[in-house]
Amino acid sequence: MLFTPYRLGALTLPNRIVMPPMTRSRAADGNVATPLMAAYYAQRASAGLIVSEGTQISQQGQGYAWTPGIHDDAQIAGWRDVTDAVHAAGGRIVAQLWHVGRVSHTALQPDGGAPVSSSALQAEGVKVFVDPQGRGPQGGVGEMVQHSMPRALAIEEIPGIVRDYAQAARNAIAAGFDGIELHGANGYLINQFIDSQANQRTDAYGGPLQNRLRFLREVVEAVAEEIGAERVGVRLAPLTTLQGAVDDTPQATYLAAAHLLDSIGVGYLHIAEADWDDAPVMPVAFKEALRMLYRGTLIYAGKYTVERAEEALTKGWADLIAFGRPFIANPDLPERLRQGLPLNAPDKATFFGGGAEGFTDYPVAETAEA
């Protein structure tokens, strides 16, 4: 099943293999996508669907050096070159839109201000990637530092951020993307509103679960109104505690979120399972409950093998499977998986920043065998 076509909204995918969002920190000055990025994504166009790296909806939404944005004309034009290259190679690509919230640093924020969050809580030990010497991505030299203390968003500021998401969705379609994915996982802003231990608000956006889901609902509804719900996906990490985002009752919380997103009619949910060594296994009962509550397309990511992927598809938990790090080093990953060919190993030293090395120079199978 992994290699059979799949219909996702108006898109016909050639296979059920997804390239998930992976930060590579190679945007040019002004956080503009580059021709090298266009080559990188086009090389991987044999994926059934590509989800772009996280793309900030505003300067305030940036949390790491050299990540691309989609909030001004130059950034839209840069991404248009990427989508044109992917489409020319026969691929399909959606833009992952993010606002990192508190997971940022004053060095990246407008006028050196504090990052914003649902609440003024700092996640100790959560680091962000900055460029203190201004060397740019080509040198690949940056520094990991503790994220700055955030301030809580005033309630009157929240509608402005919702509008930023809606505008970014319009910009993504103008840039040629086939749709968008909202990053609601990994401890970023949407996640900071959802999870009970990251949200200490006492107004309409905090406290009871329905209040904590309000920001998610408002963002999704605003984006869906702009581009159509069928072109909207949402990424969630239901049972993980990444970057200090912890919920007291995660199964209940994220089943409620899935039910909410089903009622809006978003095109897909992208479920990120824990993928570190000795990570907890997502219970089968939870996956089955997600399937009952959400009737659209379900994508799962998290150290999947071909065998695990086929099991998930056969048992109906998932419709599409995302393979993360293997896509970094294997631009022809679907064909390698189809034929059972060995995989190139990724070079972790070149994951973030730099040029073509460790980005567009990995060989395809024929070159590797030669």
Side-chain angles (χ1 to χ4, degrees), residues 2-6 8-9 11-26 33 36-55 67-68 79 82-98 172 175-183 185-186 233-235 237 267-273 275 297-306 308-309 312-313 318-338 341 343-347 350-352 358-365:
L2 189 60
F3 306 105
T4 60
Y6 182 81
L8 176 59
L11 300 176
T12 299
L13 310 185
N15 56 60
R16 296 172 185 246
I17 297 171
V18 174
M19 175 178 163
M22 291 177 286
T23 299
R24 304 304 306 273
S25 290
R26 280 171 167 84
L36 191 65
M37 291 169 61
Y40 166 77
Y41 283 108
Q43 286 176 344
R44 289 152 180 80
S46 62
L49 180 70
I50 294 172
V51 185
S52 82
E53 61 206 272
T55 302
T67 56
W79 276 121
V82 174
T83 62
D84 284 349
V86 170
H87 291 149
R92 297 132 186 90
I93 183 169
V94 299
Q96 190 192 61
L97 305 182
W98 70 351
F177 284 101
D178 297 301
I180 66 98
E181 176 179 291
L182 294 170
H183 200 340
N186 295 16
V234 179
R235 192 175 213 219
Y268 70 80
L269 293 189
H270 188 172
I271 304 299
E273 298 185 58
D275 64 353
T297 295
L298 279 167
I299 303 173
Y300 275 84
K303 295 187 78 170
Y304 273 84
T305 61
V306 170
R308 285 189 64 221
L313 296 172
D319 301 296
L320 304 168
I321 301 294
F323 295 82
R325 294 179 187 88
F327 256 118
I328 290 178
N330 299 276
D332 56 341
L333 181 66
E335 190 60 25
R336 286 177 184 264
L337 296 179
R338 188 194 306 273
L341 299 175
L343 301 183
N344 300 321
D347 176 14
T350 57
F351 277 4
F352 307 112
F359 193 52
T360 57
D361 64 345
Y362 286 106
V364 297

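In this chain, residues are counted from 1 in sequence order. Values reported hereafter were calculated over all heavy atoms of this structure, with side chains retained and with hydrogens, waters and symmetry mates removed.
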Interatomic distance, [X] atom [atom1] to [Y] atom [atom2] [nearest 0.5 angstrom]:
X: N15; Y: L2; atom1: CG; atom2: CG; value: 7.0 Å
X: Y362; Y: N330; atom1: OH; atom2: CG; value: 9.0 Å
X: L36; Y: Y41; atom1: CG; atom2: OH; value: 11.5 Å
X: F351; Y: M22; atom1: CZ; atom2: CE; value: 9.0 Å
X: Y268; Y: L320; atom1: OH; atom2: CG; value: 9.5 Å
X: I299; Y: L8; atom1: CD1; atom2: CG; value: 6.5 Å

Is there a side-chain contact between [X] and [Y] in this structure, where contact means two heavy atoms from C-beta onward sitting under 4.5 Å apart?
X: M19; Y: I93; result: no
X: T83; Y: D178; result: no
X: P21; Y: H270; result: yes

Is [X] reaching over with its side chain to a backbone N or O of [Y], donor-acceptor style, under 3.5 angstrom?
X: R44; Y: I328; value: yes
X: S46; Y: P334; value: no
X: D332; Y: A365; value: yes
X: Q43; Y: T360; value: yes
X: T55; Y: E53; value: yes
X: R92; Y: G90; value: yes

Side chain to side chain contact (heavy atoms under 4.5 Å, CB included) between N186 and W98, intermediate numbers included:
CA-CA 11 Å; N186 295 16; W98 70 351; over 6 Å; no
For [X] against [Y], the heavy-atom pair lying closest together:
X: V82; Y: M37; value: CG2-C, 4.3 Å
X: V86; Y: A42; value: CG2-N, 4.0 Å
X: A47; Y: P14; value: O-CG, 4.4 Å
X: L313; Y: A318; value: CD2-O, 3.4 Å
X: Y304; Y: A309; value: CD2-N, 3.7 Å
X: P20; Y: R235; value: CB-NH2, 4.2 Å

Decide whether a cation-pi geometry holds between R24 and F359; the criteria are a distance under 6.0 Å from NZ or CZ to the six-membered ring centre and an angle within 45° of the ring axis.
no
Out of L337, I321, V306, which residue meets the side chain to side chain contact (heavy atoms under 4.5 Å, CB included) rule with I17?
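Among L337, I321, V306, the one meeting side chain to side chain contact (heavy atoms under 4.5 Å, CB included) with I17 is L337.
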